[in-house]
Amino acid sequence: MRIKTSLPSALKYQAVVIENAAREAGLDFFDVVFELLDARAVNGIAAYGGFPVRYPSWRFGMDYERLQKGYDWGLSKIYELVINNDPTYAYLVSSNSLLEQKLVMAHVFGHADFFKHNAWFQPTDRNMLETMSQHAARVRAYIDEFGQERVERVLDQVLCLEGLIDPYAAVRNHGRDTRNAPRPEALSDRSLRALEALSGPPALRLEHTAAPKRREAEHRVPTFDVLGYLEEHAPLEPFERDLVRIVRAEAYYFAPQRMTKVINEGWASFWHSRLLTGGLLEASEIIDFADVHSGATAAAPGQLNPYRLGLGLLRHAESLGHDLFTLRRVHNDVSLIDALVDEEFSLRFHSIPWSKRQDAIAQGFDWQAFKAELLRQLSGGGQPRIELTGLAGGGLELLHHHDGRDLELAAAQAVLGNLRALWKGPVSLVTRLDGKVLRLEVDERGSRSRPVDDGAGASTDGE
Amino acid sequence: MSAPLYRIDSDHSRFREIVKGRIRRDLAKYLTSSELIGRAGAHSVSIPLPQIELPRLRFGDNQGKGNGKGDGGEGGPGEKGEKADGQGSAGEQPGQHILEVEVDLDDLADMLGEELGLPRIQPRGVRDLETEGGRYTGVRAAGPDSLRHFRRSFKRALLRTVASGQWDPKSARIVPVREDFRYRARKSAPKPDSSAVVFHMMDVSGSMGRDQKDVVRIQAFWIDTWLRRQYKNLDVVYIVHDAAARVVDQHTFFHLRESGGTKISSAYELCLAQIQERYRPEDWNVYPFHYSDGDNWSARDTETCVNLLSGEILPRVNQFCYSQVKSAHGSGQFKKDLDAAFDGVDELVTVSLADRGDIPRSIRAYLGRGR
């Protein structure tokens with residue numbers, strides 16, 4: 001489903017000019033399709049993670065309400081929305097000024113180039129718009145067949161587990177087959193029938209009909225891909241299994257965006273700044289540009305601004321003589337920070353001049369600690385790392401790789417409850433709380449937590 | 001363009017539906033707790049619904065434990081306000097804040113009505129409606145000389161003189177022209193059937209403790225919510241009394257703590273005076289509520305109260321409600337006296353509450369008659 005909104009000619013002209021400048025500068029991207037929408041519509045699309053065609057869920061309605069409220073109250077505003085697809089879609093907000101649109105468009109070409117060339121995005125589905133609408137069609141068909149309540153319940157249960165995938169699958173399987181790639185989805189007979197009825201031939205790609213390979217060996221425990229394990233081994237109804245498959249495919253699609261937030265935003269900001277100040281701005285626009293740009297890349301107290309950090313890192317890399325195009329191809333946030341953060345960068349990032357270095361150190365400035373903290377925050381896309389480590393007595397045993405940050409216990413227990421409901425057997429999670437190793441268990445009798453003596457269970461990564 | 005919006009609208013209304021279902025399910029809890037009070041605005045109340053969010057595995061609050069912090073200024077990677085969520089990751093950061101949803105007070109009132117089976121209030125009998133009988137509170141640019149508003153007219157003339165540069169401080173003279181004149185005008189009064197006034201009268205003598213006041217507060221909130229749904233225009237008057245009574249604002253009403261004796265008649269007299277002066281029954285539907293632990297100064301004062309009620313107040317009101325909240329020291333005698341004096345009188349409702357758990361029952365008693 002395409003959204004038909006044509007750009008007004010002034011913007012169309014700018015889009016062409018900026019695209020040419022971007023290509024000249026060496027950026028390379030799929031075709032970029034800009035759509036101009038009002039803020040309400042952009043909030044609606046943002047609530048769906050950028051995909052207006054996504055499957056129906058109240059959760060998106062909730063996100064929409066939140067975004068809309070933030071907008072109505074003037075607290076937050078979405079400037080731009082880009083989706084990783086071929087062609088790349090970008091939504092512009094109609095209330096923005098021409099200068100803001102120019103900046104956003106240049107920014108978008110940066111993202112589009114990043115999507116196309118960054119290693120972590122290589123396995124992602126470039127036809128995700130189409131895939132998402134197929135997912136949506138399937139979910140709608142299930143709702144028609146099994147009722148909204150039932151489908152919603154299962155979908156909610158699965159969505160709680162959205163984060164239980166292996167974001168490093170791409171590296172882990174390097175040189176092997178590409179099972180991490182949004183895998184050719186083996187459809188159940190029933191869903192195939194539903195699909196045929198609904199969407200006709202295009203949905204039935206060749207891969208879908210291929211007989212599923214034996215995956216027993218592929219999904220040996222331990223694995224971080226808990227959703228994948230569930231999809232294959234949990235005792236689920238065909239439609240439930242398909243819901244797991246849908247959620248998992250979309251989670252894998254979005255995972256690289258979490259892992260590359262800093263470098264991706266940095267890359268896009270680097271290029272919007274370079275392109276616009278490289279001759280695309282009218283003299284009268286310079287001040288406004290500086291205002292908008294510095295607003296986006298400002299240091300916000302209590303928050304890590306990925307725009308600021310990413311831009312700072314890339315400029316630092318440039319000053320060190322790195323090839324930026326190589327950096328954007330091979331790195332995610334963690335590896336980029338690991339490679340580039342040094343004392344000089346840390347000082348500059350904190351606006352400490354080199355001459356004041358000794359004073360800052362005396363006052364407790366420690367660039368290595370700063371770096372370690374950044375790495376820790378961004379590892380695993382900012383999410384806890386959970387591994388499926390074993391199967392005991394028909395139960396799933398999960399391990400939280402503790403990195404100094406405890407889990408929120410109540411939420412963890414609720415998630416385990418949902419996992420149990422899908423697995424239909426006991427589940428447990430070993431984690432650490434306040435320095436003590438703890439084992440959360442959920443079975444048909446309820447949930448409880450008890451301390452574990454050995455302490456070897458929850459190893460500590462990174463410390 | 002319309003398709004995606006249509007979709008988000010249907011997901012959004014599904015979300016609202018779930019929210020309402022959740023509130024309806026928890027209504028009994030809200031009815032007996034003070035959770036919603038203080039969260040209500042003019043037209044809506046914001047209700048925290050932490051349990052509606054899908055649970056995720058996420059980090060708790062001990063971020064950065066056991067690690068030298070490089071910088072206090074930078075926290076976790078989170079949502080950034082302005083230029084947020086570039087590539088479709090909107091809403092992927094699970095909310096650090098508890099989700100609060102806005103619910104219309106009208107919807108809340110409807111849920112209350114459903115839960116307690118409250119009838120809609122029947123309009124009082126048709127009366128001759130002199131809707132134009134309002135007071136001269138407005139100002140217009142045209143009117144008879146007898147209604148000319150000197151001060152407003154002078155102000156206009158002064159303004160015009162200064163603005164047009166004719167103002168001479170040495171000979172300060174203002175000559176009005178026709179356009180300067182302003183005249184008093186009547187504002188038409190709202191129809192009687194669309195206006196109501198609630199009197200919340202509370203005994204604040206020493207024996208009413210925090211628990212008792214909470215019970216009062218919660219009852220008052222739900223009563224107001226329901227009546228506001230029934231009437232376009234609702235005034236609320238708060239009266240506190242110990243041995244003497246006075247009108248106070250809402251905050252004082254709920255937080256004042258007095259000590260000393262109790263003379264209930266003082267409150268009833270004040271209420272009556274208010275009705276006579278400001279809320280004439282021809283224009284207003286009147287709902288006095290009195291909250292007390294049932295102690296009165298003397299049997300004689302109780303007698304005064306009974307006489308006030310039967311002779312003056314009851315004929316002027318839709319319904320008078322007496323709510324007796326059990327306290328450690330209260331004797332509860334006043335309810336017995338009222339019940340004895342007004343057996344079988346429809347306009348008077350008395351309820352005694354042991355604790356918060358009785359609130360739904362009391363609300364049903366007050367509002368269940370549809371008066």
Side-chain angles (χ1 to χ4, degrees), chain A residues 1 3 5 41 44-47 49-50 52 56-65 67 75-84 111 156 159-160 163 254 257 261 265 295-296 300-306 350 366 369-370 372-373 377-378 382 384 386 404-408 411-412 414-415, chain B residues 1-19 50-95 97 99-102:
Chain A
M1 177 175 308
I3 303 171
T5 322
I45 294 173
S57 161
W58 61 270
R59 189 184 59 134
F60 302 133
M62 177 173 77
D63 289 340
Y64 172 69
E65 172 157 322
L67 287 168
L75 298 175
S76 64
K77 172 179 159 186
I78 294 176
Y79 264 93
E80 41 101 2
L81 195 60
V82 198
I83 64 169
N84 165 31
H111 281 312
D156 287 354
L159 280 169
C160 294
F254 283 117
Q257 302 191 3
K261 185 88 184 158
E265 291 301 351
Q303 283 186 325
L304 183 73
N305 180 349
H350 292 90
D366 179 352
F370 164 66
E373 176 67 16
Q377 279 180 8
L378 294 169
I386 310 288
R405 288 174 290 179
D406 290 351
L407 291 180
E408 195 185 308
V415 169
Chain B
M1 171 69 202
S2 61
L5 277 181
Y6 167 75
R7 289 200 177 176
I8 196 67
D9 282 348
S10 79
D11 279 340
H12 186 230
S13 59
R14 176 72 188 142
F15 166 64
R16 300 296 309 184
E17 226 174 83
I18 288 173
V19 164
Q51 74 279 27
I52 206 165
E53 201 114 32
L54 292 179
R56 309 284 170 112
L57 287 168
R58 56 174 172 255
F59 295 119
D61 34 5
N62 84 324
Q63 313 252 338
K65 201 174 166 187
N67 218 318
K69 271 214 167 177
D71 179 13
E74 306 275 350
E79 291 180 335
K80 192 176 165 291
E82 279 206 345
K83 193 165 176 176
D85 295 318
Q87 321 99 50
S89 56
E92 287 201 318
Q93 319 279 355
H97 44 280
L99 179 72
E100 291 195 2
V101 289
E102 296 274 319

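Since the model is a prediction, treat every value here as computed from it, not as a measurement. So that the names make sense, note that chain A is the first sequence line, chain B the second, and so on, each numbered from 1.
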Checklist entry - Is the side chain of Asp11(B) donor-acceptor paired with the backbone N or O of Pro56(A) at a distance under 3.5 Å, no angle test? => result no
Write down the atom of [X], the atom of [Y], and the distance for their closest heavy-atom approach.
{"X": "Gly61(A)", "Y": "His12(B)", "value": "O-CD2, 3.3 Å"}
{"X": "Arg56(B)", "Y": "Ala411(A)", "value": "O-CB, 3.4 Å"}
{"X": "Ile8(B)", "Y": "Ala47(A)", "value": "CD1-CB, 3.8 Å"}
{"X": "Ile386(A)", "Y": "Leu57(B)", "value": "CG1-CD1, 3.7 Å"}

Checklist entry - Roughly how far apart are Leu54(B) CG and Asp156(A) CG, rounded to 0.5 Å? => result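 The CG atom of Asp156(A) is 5.0 Å from CG of Leu54(B), to the nearest 0.5 Å.
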Does [X] reach the side chain of [Y], with side-chain heavy atoms less than 4.5 Å apart?
{"X": "Glu65(A)", "Y": "Phe15(B)", "answer": "yes"}
{"X": "Leu407(A)", "Y": "Arg58(B)", "answer": "no"}
{"X": "Ile18(B)", "Y": "Trp58(A)", "answer": "yes"}

Checklist entry - Does the side-chain contact (heavy atoms from CB on, under 4.5 Å) test come out yes or no for Met62(A) and Glu53(B), once each step is laid out? => result CA-CA 9 Å; Met62(A) 177 173 77; Glu53(B) 201 114 32; 3.6 Å; yes
Next on the checklist: Is Glu17(B) close to chain A through its backbone or its side chain, or both, or neither, when contacts mean heavy atoms under 4.5 Å?
Outcome noted: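 Neither part; nothing is under 4.5 Å.
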